[in-house]
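This structure is a prediction, so every number in the text was calculated from the model and none was measured. Quick note on labels: first sequence line is chain A, next is B, and so on, each numbered from 1.
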There are 2 protein chains.
Amino acid sequence: MLDAMVTRAESAAATRRALLDAAAELLDLGGPEAVTVREVGARAGVTRGAPYRHFADKDSLLTAIAAETWDRIANQVHALRTNPALPTADTLRSALRLLIGVGRDQPHLYQLLFKRPVRAQGLNQVHRQLCGPPADPAAAVHAAERFQDEFLAVVAALAGERNARQYGALLLTSAHGIAGMELSGHLDTDKWHTTPDELVDTLVRMITPAGQPT
Amino acid sequence: MLDAMVTRAESAAATRRALLDAAAELLDLGGPEAVTVREVGARAGVTRGAPYRHFADKDSLLTAIAAETWDRIANQVHALRTNPALPTADTLRSALRLLIGVGRDQPHLYQLLFKRPVRAQGLNQVHRQLCGPPADPAAAVHAAERFQDEFLAVVAALAGERNARQYGALLLTSAHGIAGMELSGHLDTDKWHTTPDELVDTLVRMITPAGQPT
DNA sequence: CACTTCAGATGACACCGTCAACTGTATGCT
DNA sequence: AGCATACAGTTGACGGTGTCATCTGAAGTG
């Protein structure tokens with residue numbers, strides 16, 4: 001039969017991936033409380049100590065998930081932005097709804113994305129050099145910034161370079177607020193007579209220059 | 001000397017208050033991780049089991065803090081709103097900055113305010129009837145709604161009843177997003193060439209009818 | 001006075017993150 | 001080839017945590 005022919009590095013990489021996937025699944029299912037190093041290891045087919053060969057601590061594991069997610073979202077916005085068939089107003093709406101959609105579909109993951117950048121103080125000595133420099137939070141921060149740059153480009157395409165930054169900040173923070181209040185249950189659509197989608201439409205309309213296609 | 005003359009109910013109420021204060025202090029100092037039932041009890045002068053005489057579980061304790069905080073914020077907005085010396089545009093700005101200020105000054109408390117309404121499933125049997133009905137989350141939700149109603153009145157005073165709800169939702173979610181991104185460190189004022197205060201000003205200007213005082 | 005109620009104390013349990021020490025195997029060097 | 005090393009993974013252990021059942025003693029009540 002086909003020999004598996006896995007090198008040790010490949011096996012380790014596979015375990016690391018399995019750990020990340022298991023943690024992400026647990027996060028989706030039961031929130032951060034449900035993500036336990038032991039259970040993550042078990043779902044990845046290893047025992048409780050093994051995850052510490054790949055991540056300095058539990059926080060680094062979660063931060064790695066945040067980094068990957070920011071990277072994915074940034075790529076999605078980039079794909080939207082470089083699709084020439086899409087009008088820019090629609091592109092902007094899609095980008096905003098993309099973020100809000102993560103908040104709706106994966107609320108726990110969304111909250112992880114906007115966690116305070118973690119302190120790098122908790123690294124134990126064994127892995128301080130093993131897992132490289134404490135670039136863990138840096139990776140997440142970098143990926144988040146890449147998303148913001150992509151988003152900024154979307155805004156600039158619609159509202160011009162001059163207004164892009166201030167409008168971008170307004171749109172991004174607003175979208176984040178919409179997502180946050182929706183997932184925390186504080187955005188009662190009956191009380192406010194509006195929906196997240198309507199709010200996004202209003203925002204985009206506010207910053208769209210006159211004469212642009214809607 | 002003056003006899004303390006404390007009835008049992010008074011003593012219990014004092015303990016409850018001490019527990020809430022201790023928990024709030026720990027939350028401010030070290031975030032939710034630092035809020036441990038044991039330490040809360042110790043700071044309130046009781047042992048680890050005592051808090052369970054006043055709160056069904058740790059979550060109920062935190063939810064009670066959220067309820068009290070929402071209540072305080074609602075009162076502050078009410079005071080702003082019913083101050084006749086203040087123009088309505090300033091009132092609105094102050095209300096928005098009030099929320100954002102909590103996020104800046106007490107980030108952990110702020111995040112507690114926007115936590116998903118807790119599940120009432122975890123109540124143990126002893127206190128299920130003891131601590132009354134599981135009205136704990138209901139109190140927090142009610143206080144949060146009172147804040148929203150006060151805020152809605154502020155918006156209505158400036159933008160009129162007709163637009164109040166849609167504008168209110170936009171302003172409230174945006175302010176929440178500004179606070180959230182600022183406290184998570186994702187709002188780089190250098191990158192975006194703007195500040196939370198400027199964003200608030202822009203928002204208020206956007207919904208202010210022409211001819212109103214700024 | 002006896003009796004009840006209940007805030008608080010205490011022992012116990014399961015679970016958690018984390019580390020030190022150990023084991024076995026794949027890798028690299030001679 | 002054979003040997004030494006690196007290192008992914010295991011295991012035992014420790015301190016800490018939320019929570020409960022049980023107990024205790026003092027404040028309230030008839």
Side-chain angles (χ1 to χ4, degrees), chain A residues 3-20 22-23 26-27 30-63 118-119 121-132, chain B residues 3-20 22-23 26-27 30-63 118-119 121-132:
Chain A
D3 194 330
M5 200 52 182
V6 286
T7 96
R8 181 136 76 133
E10 284 168 353
S11 161
T15 300
R16 185 189 152 95
R17 180 100 300 274
L19 289 169
L20 286 167
L26 285 171
L27 182 67
E33 316 280 307
V35 180
T36 169
V37 176
R38 286 164 151 88
E39 180 66 18
V40 167
R43 294 202 174 209
V46 293
T47 54
R48 41 178 215 279
Y52 291 91
R53 287 283 147 188
H54 301 270
F55 303 94
D57 52 16
K58 179 183 177 180
D59 226 64
S60 295
L61 171 60
L62 291 173
T63 304
V118 285
R119 65 277 164 187
Q121 63 191 18
L123 290 183
N124 59 46
Q125 309 96 307
V126 179
H127 302 85
R128 188 177 294 272
Q129 300 106 347
L130 182 61
C131 293
Chain B
D3 194 331
M5 199 52 183
V6 285
T7 89
R8 181 137 76 133
E10 284 168 352
S11 161
T15 300
R16 184 189 153 94
R17 180 101 300 272
L19 290 170
L20 285 168
L26 285 170
L27 182 67
E33 314 282 305
V35 180
T36 170
V37 176
R38 285 164 152 88
E39 180 65 19
V40 168
R43 294 202 174 209
V46 294
T47 54
R48 40 180 217 277
Y52 291 91
R53 287 282 148 189
H54 301 269
F55 303 95
D57 53 15
K58 179 183 177 180
D59 226 65
S60 295
L61 170 60
L62 291 173
T63 303
V118 285
R119 64 278 166 187
Q121 63 193 19
L123 291 182
N124 59 48
Q125 309 94 309
V126 177
H127 302 86
R128 188 178 293 273
Q129 300 106 347
L130 182 59
C131 293

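- When every heavy atom of A22(B) is checked against every heavy atom of R43(B), the shortest pair comes out as CB-CB, 3.7 Å.
- Residues meeting the side-chain hydrogen bond (donor to acceptor under 3.5 Å, both in side chains) test with R38(A), sequence neighbours left out: none.
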Atom pairs under 3.5 Å, N or O on each side, protein against nucleotides 13-18 of chain D: can you list them with distances?
from    : atom 1 : to     : atom 2 : distance (Å)
dA13(D) : N6     : R48(A) : NE     : 3.4
dG18(D) : OP1    : V37(B) : N      : 3.2
dG18(D) : OP1    : K58(B) : NZ     : 3.2
dG18(D) : OP2    : T36(B) : OG1    : 2.8
dG18(D) : OP2    : V37(B) : N      : 3.0
dG18(D) : N7     : R38(B) : NH1    : 2.4
dG18(D) : O6     : R38(B) : NH2    : 3.4

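- The distance between atom CZ of F55(B) and atom P of dA7(C), rounded to the nearest whole Å, is 12 Å.
- Regarding contacts with the backbone of dA8(D), every side-chain N or O of S11(A) stays at 4.0 angstrom or more from both OP1 and OP2.
- Side chains of V37(B) and Y52(B) form a contact here, defined as non-hydrogen atoms less than 4.5 Å apart.
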Below 3.5 Å between N/O atoms, which protein atoms pair up with nucleotides 28-30 of chain D? Just atom names and distances, please.
from    : atom 1 : to    : atom 2 : distance (Å)
dG28(D) : OP1    : R8(B) : N      : 2.8

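- A50(B) pairs by the side-chain contact (heavy atoms from CB on, under 4.5 Å) definition with V46(B), not counting sequence neighbours.
- Nucleic acid contact class of A12(A) (heavy atoms, under 4.0 Å, all strands): sugar-phosphate only.
- A18(B) meets the side-chain contact (heavy atoms from CB on, under 4.5 Å) test with A44(B); sequence neighbours excluded.
- For R17(B), the salt bridge (Lys or Arg N to Asp or Glu O under 4.0 Å) partners are D21(B), E68(B), not counting sequence neighbours.
- Not one side-chain nitrogen or oxygen of H54(A) sits closer than 4.0 Å to the OP1 or OP2 atom of dC7(D).
- L61(B) contributes atom CG, which lies 5.0 Å from atom CZ of F55(B) (distance to the nearest 0.5 angstrom).
- We find the CG-CG distance between L26(B) and L62(B) to be 10.5 Å, quoted to the nearest 0.5 Å.
- Per the geometry, CG belonging to L19(A) stands 13 Å off P belonging to dG17(C), to the nearest Å.
- Listed candidates were dG8(C), dA8(D), dT10(D). Nearest to the side chain of R53(A) is dA8(D).
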